[in-house]
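Step one of this worksheet: look at the structure below.
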Amino acid sequence: MKALTILFVLTAASTLQAQSGGGLADLRKLLESIARASDSGSVPTPEALSERLGTLETVLRSAPAEDIRPLVSVATGCLSSPLISVRKDCLLALSPVTILRFDSAVLLSPQLPQVAALLDDDDPSIRTMAALILAAMRPHPPPEILGIVMPRISDPKKPPDDIASLIAVLLATDSTSTPVIRTILSVVELRVDRGITGGVLGRFGAVRCTNELALNFIDKSLESADAGVRDAAVSSLLPQSGAVLRRFQPRLMQMASDANENARIRATAEELLRSVR
C-alpha cells in the first residue's frame, strides 16, 4: 500500500462526503485493513505520509463537522494497531484536524480514550505525538484531559521527556487552578531534574500563568544557584504583563546590575525592567 494512494483516498473521501456522501465507507475498509496488517512493509512511513498532509488543509478548514467526524473516527480506529508505523500514520492524519479545526476538541472528544492510551505507548515519538494532539485541541482541550494526565504525571517511572510533554498538556488544559499547579510543582520537587524545572518555568511563561503558587515558584527560581534555572525563570517572565512584572522588579534590578551575573540573564532582566517602566 503506497502512501500516495492512502492520502489520495483520505483527501478524496472528505471531498466526496460533502458532495455525494460517498467515499468514507471505502476509506474505513482501507484503514481497517491497514490496522490489521502484520507486515510493516505494507503500510506507508510517517515521512511519506507527512509529505502529502498539506493537501488536506483546504478540505479540513472548510468542510462541515459532520463530514470530518467520520474521518476522525476511521483514523482513531487504527491507533490500536500493533504496528508502530500504522499508529504514527494515524496520529499524523489526526494532527492537521487538531490544528486546523477550531472545533477539533468537539471532533476528537469521543476518541480521547484511544489517543490517551498512546501516552503509554512503547515508542517515545508516539507518546510525544499523542501529547501534542491533546494539548493542541481547539478552542481549548476538554477538562476530561485532566483526569487522564494527572495520574500519569505523578508516575515516577515516566521518563523526563514524557513528564515535560504531560506538563504541557496540563497547562494547555488548565493554567489557573491551584490543584493543577500544585501537582506540577510536586513533580518538579520530586524529580529534581534541571530539564523538567526549566521546562515548567518555560511553560508557566508560555501560558502567562498568574497562579500564586506558580509566581512563588518563579520568584524562588530567580534565586537559584543554578544559572540555567535562573535563566529559565527570568525568561519565563517575558510574556507577562507589567502588573505581574512589578512584583519581581526588585529582584530584576539586582540581576541587571550584578556584574557577576550571567550576561544573558542580565540582558533579559534589563529588557523586563524596560517593560515595567
Side-chain angles (χ1 to χ4, degrees), residues 1-17 23-57 59-61 63 65-101 103-138 141-142 144-145 148-149 152 162 165-166 169:
M1 188 67 63
K2 298 296 185 181
L4 291 181
T5 301
I6 294 176
L7 260 297
F8 172 79
V9 176
L10 282 171
T11 305
S14 295
T15 304
L16 288 173
Q17 177 71 5
L24 285 176
D26 290 339
L27 175 59
R28 184 183 299 276
K29 291 178 182 179
L30 173 63
L31 293 181
E32 287 177 350
S33 70
I34 295 174
R36 291 192 298 268
S38 58
D39 178 11
S40 60
S42 67
V43 296
T45 65
E47 291 77 17
L49 187 58
S50 65
E51 291 178 2
R52 296 289 296 169
L53 282 174
T55 62
L56 290 170
E57 181 172 347
V59 173
L60 288 173
R61 286 187 185 277
E66 57 267 25
D67 294 343
I68 300 297
R69 195 169 285 113
L71 175 63
V72 171
S73 178
V74 171
T76 52
C78 298
L79 294 180
S80 59
S81 170
L83 295 177
I84 292 175
S85 57
V86 170
R87 300 197 298 277
K88 285 184 178 179
D89 279 352
C90 293
L91 285 173
L92 279 172
L94 288 175
S95 294
V97 175
T98 308
I99 296 168
L100 298 175
R101 298 283 304 196
D103 57 352
S104 61
V106 173
L107 290 169
L108 291 174
S109 285
Q111 280 75 35
L112 274 180
Q114 293 97 313
V115 178
L118 296 185
L119 294 173
D120 304 317
D121 197 271
D122 291 337
D123 186 271
S125 64
I126 288 179
R127 298 196 299 268
T128 299
M129 290 170 65
L132 288 172
I133 285 177
L134 293 177
M137 292 171 72
R138 304 174 67 200
E144 295 91 326
I145 288 179
I148 292 171
V149 174
R152 288 176 167 88
D162 286 15
S165 296
L166 293 173
V169 175

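FYI, side chains are in, hydrogens and waters are out, and symmetry mates aren't considered; it's all heavy atoms of this structure.
Taking CG from Leu108 and CZ from Arg69, the interatomic distance works out to 10.5 Å, rounded to the nearest 0.5 Å. Note that CD1 of Ile99 is 9.0 Å distant from OG of Ser104, once rounded to the nearest 0.5 Å. With rounding to the nearest 0.5 angstrom, the OG1 atom of Thr128 is 8.5 Å from the CG atom of Asp123. Between Leu118 atom CG and Ser80 atom OG the span is 9.0 Å, to the nearest 0.5 Å.
Under 4.0 Å is where a charged nitrogen must lie from a carboxylate oxygen, and between Arg87 and Asp121 at least one such pair does. The pair Asp120-Arg152 counts as a salt bridge, with a side-chain nitrogen and a carboxylate oxygen less than 4.0 angstrom apart.
Residues Leu134 and Leu119 meet the side-chain proximity criterion, which asks for heavy atoms closer than 4.5 Å. Counting heavy atoms from C-beta on, the side chains of Ile126 and Lys88 come closer than 4.5 Å. Two residues are said to be in side-chain contact when any heavy atoms from C-beta on lie closer than 4.5 Å; Leu79 and Leu94 meet this criterion. Met129 places a side-chain heavy atom less than 4.5 Å from the side chain of Leu92. With a 4.5 Å cut-off on side-chain heavy atoms, Cys90 and Thr76 do not count as touching. Side-chain atoms of Gln111 and Ile133, non-hydrogen and from C-beta on, never get closer than 4.5 Å to each other.
Closest approach of Pro142 and Ala105 over heavy atoms only: CD-CB, 4.2 Å. Contact record, Arg127 with Asp122: NH1-O, 3.4 Å, taken as the closest heavy-atom pair.
Remark: side-chain polar atoms of Ser81 are not paired, donor with acceptor, to backbone N or O of Cys78 under 3.5 angstrom. For the pair Arg138 (side chain) and Thr98 (backbone), a donor-acceptor distance under 3.5 Å is absent. In this structure a side-chain-to-backbone donor-acceptor pair under 3.5 Å is present from Ser95 to Leu91.
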**Message:** Does Met137 form a side-chain contact (heavy atoms from CB on, under 4.5 Å) with Leu112? I'd like the steps, not just the answer.
**Reply:** CA-CA 11 Å; Met137 292 171 72; Leu112 274 180; 4.1 Å; yes
